[in-house]
Amino acid sequence: METAASSPTAATVGTKASILAAQLPRLVSVDVLRGLVIVIMALDHTRDFLSYLRFPPDDMAHTYGALFFTRFITHFCAPVFSFLAGTGAFLATSRGKSLRQVSWFFFTRGLFLVILELTVVGFAWGFVPWAHGGVIWILGWSMVAMALIVRLPVRWIAVMGVGMIATHNLLDRINPASFGRFYWLWMILHTPGRIPVTAHFSFLIGYVLIPWVGVMAAGFAFGNLLLRVDRRKWILTLGISATVLFFVLRGLNVYGNGIAGLPFGFPRSAGPWSFQPTLSLTVISFFNTLKYPPSLDYLLMTLGPPLILLGLLDRAKTERGLSRVFLVYGRVPLFFYVLHLYLIHVMAILVALASHQPIWYGPIIADVSPKPLGYGHGLPFIYAMWILAVAILYLPCRWFMELKRRHRDWAWLSYL
């Protein structure tokens, strides 16, 4: 069987500046960072389920500072999940798994995630049969693509990943309609939109393969740096460089933010930034980058600061405090993700009943199932429900983390 030591992927691990993973302390910083962003993600979904607002937080015509910031901090979640999924796969090769094993795991877990998105996750959004191409969907298909990509040398994977992130905005002006009856293929690849399935149902594509596959590939190549003795310096250098490049590109306003469109049926104002009537709105305009598809500006903005934090967390202690809490969530992210959707949805129904408000039936996405009049609450209440939901999930997540630790021989647990 081909081993990591003999594969092109692991060929660069034996450089002078790196050491064997067995000689390194466990990189808990990766788990802590993953746990932090998944907790922040729960805030965004709590807002989705409980807000009374009938417009998106990035709508420049209606948004305000507190609302935009609540949405802005959750932008870090999907890029960090995708990036660290690739990183974790590379680290698996350094723990003795063969390239063939890693490739097979990517392929099978990717298909598992796609099926999960179309069934269990889709149902959680509305408690009705419904599905869309969300974050679990794109993580799954990216893993399927990575099953082939991991067989390339690490340097090639790095070039491919970074190249896709840096250049994909050159594809923005390609209209899906130019592909004729195969327009749906371009929607899956790069331009989000609706794919009609029946007279009453359209499959909503929010997350596309380009550049999300590139983000995961870049994360895989990044894993090589975590085996270096001087990894902290490299992590901080990359994080600071990406952050500075974001400010430069965004400031120039020439390239890197895509073309604002209508991917979900409501206006998206994320485009070139401009001076606004107030300083607050000007700052919002500057940081209001395009997520669908994720522009170069968006990815620099959402990967640079987390890399800086990852460098600062290097060799973090997790015996107590918030780092211990985030570690628990970070080691069972998919378990947390599925549970939190069902929990917050149930909480939203209970809150509506207790507040004598109408129940929101159907998918909790405004343009799919419009919010009923008189429904929802303001940001202070949303933040309180978010903290409560995260606290409720701690014990189940810790139980599942311990279950995985005690039963490492149960291979199926790795899919969860």
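FYI, the numbering just counts along the sequence from 1.
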Would the [X] and [Y] ring centres measure less than 6.0 Å apart?
X	Y	result
Trp125	Phe49	yes
Tyr207	Trp212	yes
Phe203	His132	no
Phe68	Tyr64	no

Check your understanding: Under 4.5 Å between any side-chain heavy atoms of Phe83 and Leu307, yes or no?
Key ->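 Yes, their side chains come closer than 4.5 Å.
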Review point. Under a 4.5 Å cut-off applied to non-hydrogen side-chain atoms, are Tyr298 and Phe246 in contact?
Key: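 Side chain of Tyr298 against side chain of Phe246, heavy atoms only: no contact under 4.5 Å found.
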Practice item. Please report the C-alpha distance between Ser51 and His377 in whole Å, then the side-chain angles of each, then the deciding distance to 0.1 Å, and finally whether the side-chain contact (heavy atoms from CB on, under 4.5 Å) criterion is met. Key: CA-CA 5 Å; Ser51 175; His377 299 268; over 6 Å; no
Review point. Does the pair Thr278 and Gln276 meet the rule for a side-chain hydrogen bond (donor to acceptor under 3.5 Å, both in side chains), with working shown?
Key: CA-CA 5 Å; Thr278 66; Gln276 302 294 314; over 6 Å; no
Any donor-acceptor N/O pair, [X] side chain to [Y] backbone, under 3.5 Å:
X	Y	answer
Thr63	Asp59	no
His340	Tyr337	yes
Ser355	Gln357	no

Check your understanding: Any side-chain donor-acceptor pair under 3.5 Å between Trp186 and Thr191?
Key ->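 Short answer, yes.
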Check your understanding: Would you say the side-chain atoms of Asn169 and Ser295 include a donor-acceptor pair closer than 3.5 Å?
Key ->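 Result is no, nothing qualifies.
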Review point. Does Arg71 come within less than 4.0 Å of Asp58, counting only side-chain N to carboxylate O?
Key: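 Answer for the salt bridge query: no.
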Check your understanding: Parallel, tilted or perpendicular: which describes the rings of Trp184 and Phe182, with under 30° parallel and over 60° perpendicular?
Key ->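 Taking Phe182 first and then Trp184, their aromatic rings sit tilted (interplane angle of 30° to 60°).
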Review point. Atom CG in Leu341, atom OG1 in Thr46: separation rounded to 0.5 Å?
Key: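 It is 9.5 Å, given to the nearest 0.5 Å.
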Practice item. Taking atom CZ of Phe107 as the centre, report whether more than 12 heavy atoms of other residues, nucleotides or ligands fall under 6.0 Å from it. Key: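 No, because the 6.0 Å sphere around CZ of Phe107 holds 12 heavy atoms or fewer from other groups.
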